[in-house]
Asker: 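Let me give you the structure first, and then I'll get to my questions.
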Amino acid sequence: MSQQIIIFDTTLRDGEQSLQASLNVKEKLQIAFALERLGVDIMEVGFPISSPGDFESVRTIAKQIKNSLVCALARCVDKDIDIAAEALKVAKNFRIHIFLPTSTVHIQSKLNKNFNQIIEMTIHAIHYARKYTDDIEFSCEDAGRTTIDNLCRIVEIAIQSGASTINIPDTVGYTIPNQFGQIIASLYNRVPIIDKAIISVHCHNDLGMAVGNAISAIQAGARQIEGTINGIGERAGNTALEEVIMAIKVREDLLNVHTNIHCQEIYRTSQVISQLCNMPIPANKAIVGSNAFSHSSGIHQDGVLKNRKNYEIMTPESIGLKDIKLNLTSRSGRAAVKYHMQAMGYQESDYDMDKLYDVFLELADKKGQVFDYDLEALAFINNQQEQSEFFRLKCFNVHSSSSGIATALVKLYCGEKICAYSATGNGPIDAIYEALTHITKLSINLEKYQLNAKGNGRNALGQVDIVVSYEGRNFHGVGLDTDVIESSVKAMIHVLNNIWRAKQVIIQRKYLQKDNH
Ligand code: KIV
Ligand code: ZN
């Protein structure tokens, strides 16, 4: 019988740490729900010692997620482990993932230690973490460049000390599939108690080998694969989980293993993550790219029409990709909107029907027909821009022409107050952003501005994604509208509210600290 491969998702930890702007708690929770629906066995959702925001997100997700095991990262430091356990303890079961470098280069030049000290730290940290849970994963950071003798030694000691999962990361994406498979095979041959733990792999993609290495590791006996959706992660990213999952499914004949993933959720999960993380998916990306199931050349098209199997090794339906339907108009009722959301796989708890219906009607009035992908975009973006936000747009007016500078007048609700300001700029968006920053008095820098069409032709919606830096941190905002200037305004207001919320957390913390003294 085929054995199960455990899918360990680290989109919200390794993936998130590589984003230009960190996600807020609500966005992380949305991703966590999508991953839960996808059926990942374990989700690593943060590194709680790294910031109060990370701690809060780990705690919130650990409280809400019931069907996947929630995990958090810690260094081999008592305080890290205490804080990780504190964030996770709201969950019924949880995993603590601790890591320590094992390659000579990391041990000497990062930690200024020797291998014996690494062994001692490993034993201590695993014993210490076992105070909180029996589910301990230990990672040998930079295992891909660790000598095989040292790797076997530390893996044996980590298992003896009580780690139930041993992770072998190729932290810098240095190995190639045959070599990486041999590392795993050596562990099975040389560590006598290897069968007391699950062997996991975590591959980075610097040489484009991450998925190949993961598959090779499976063939050598690894039973847990770590990675992220769409392959996001440090530098060139991580193992793209959707690729491994579909490779396992399509080539079960060869690999003789299976996962418990609901593959029909793959496409939607990938879209949600791309959207919220502001990480577009290349058109030719395997499994989830927009071209992954489209056939261009005449010979291919002819072949597919005769028999899809001529050029398709899996169907688009197998990852949940359906044909785009249209037929929602301003005459459609809530039931139709709900039906379309359901058909795309969304439950009513994923979105706020009242808000979605309001913005749907607004869009239907402007556009006539609303497509499934419009509705999906509205549900997400609308989710992020609530009426209860501190900054809300009342109205704006812009004037721009081919000769001369642009001017803008913006009226903004700041809490209950309405504030207005007129500004000039090198274009209408610049003028509006000038007015908004003047009103909010937040000294921000626009780092990135990106405009994409959602949908086709003149009917498309304009989606604006911006990244703004404020006091050393980056914030992401997104806006969607038929009018690209309005999308730009919405994106900036979204960012300003994110900054405002982050400031409230800091003020609250300072207040509590004062109270404790
Ligand atoms: O790449 C890596 O080595 C990691 C570890 C923390 C598992 O992300
Ligand atoms: Zn990593």
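When a ligand or atom number is given, it counts from 1 through the structure's own listing order.
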Asker: With a cutoff of 4.0 Å, is Arg13 in contact with ligand 1, counting heavy atoms of the residue only?
Answerer: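 In this structure, Arg13 qualifies as a contact of ligand 1 - some heavy atom is under 4.0 Å.
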Asker: Glu141 heavy atoms, cut-off 4.0 Å: which ligand 1 atoms fall inside?
Answerer: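 Counting atoms of ligand 1 from 1, those under 4.0 Å from Glu141 are 3 (O).
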Asker: For atom 4 (C) of ligand 1, what is the closest protein heavy atom, and at what distance to 0.1 Å?
Answerer: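 Answer, as residue, atom name and distance: His202 NE2, 3.5 Å.
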Asker: Taking both backbone and side-chain atoms into account, decide whether Asp14 has an N/O/S atom under 2.8 Å from the Zn ion (ligand 2).
Answerer: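 Yes.
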Asker: So which atom in Ser103 and which in Thr146 form the shortest heavy-atom distance, rounded to 0.1 Å?
Answerer: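 Distance-wise, the nearest heavy atoms are N-OG1, 3.3 Å.
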Asker: In ligand 1, which numbered atoms sit nearer than 4.0 Å to a non-hydrogen atom of Asp14?
Answerer: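 So the atoms of ligand 1 that pass are 8 (O).
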Asker: Measure Thr171 to ligand 1 on non-hydrogen atoms and call it side chain, backbone, both or neither using the 4.0 Å cut-off.
Answerer: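 Both of them.
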Asker: Output yes when a side-chain donor or acceptor of Asn230 lies under 3.5 Å from a complementary backbone atom of Ile232, and no otherwise.
Answerer: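 Side chain of Asn230 to backbone of Ile232: no pair is present.
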Asker: Find the distance between CZ (Arg501) and CG (Leu496) and round it off to the nearest 0.5 Å.
Answerer: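 It comes to 11.0 Å.
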Asker: At their closest point, which heavy atom of Phe180 faces which heavy atom of Cys203, and how far apart are they?
Answerer: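 The answer is CE2-SG, 3.5 Å.
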Asker: Starting from atom 7 (C) of ligand 1, which protein heavy atom do you reach first, and at what distance in Å?
Answerer: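 Result: Ser139 OG, 3.6 Å.
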Asker: Between NE2 of His202 and OG1 of Thr239, what distance do you get to the nearest 0.5 Å?
Answerer: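 Rounded to the nearest 0.5 Å, the NE2-OG1 separation comes to 7.5 Å.
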Asker: Looking only at heavy atoms, is any part of His97 under 4.0 Å from ligand 1, and if so is it the side chain, the backbone, or both, or is it neither?
Answerer: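 Near ligand 1, His97 shows its side chain, while the N, CA, C and O stay back.
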Asker: CD1/Ile98 to CE/Met121 distance, rounded to the nearest 0.5 angstrom?
Answerer: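 The CD1 atom of Ile98 sits 10.0 Å away from the CE atom of Met121.
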Asker: For His204, take its heavy atoms, then give the atoms of ligand 1 lying under 4.0 Å from any of them.
Answerer: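 Heavy-atom distances to His204 below 4.0 Å select 1 (O).
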Asker: Relative to each other, are the rings of Trp500 and Phe390 parallel, tilted or perpendicular (30° and 60° limits)?
Answerer: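 Answer is parallel, since the angle falls under 30°.
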Asker: Taking a cutoff of less than 4.0 Å between a non-hydrogen atom of the residue and any ligand atom, is Glu234 in contact with ligand 1?
Answerer: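 So Glu234 does not count as touching ligand 1.
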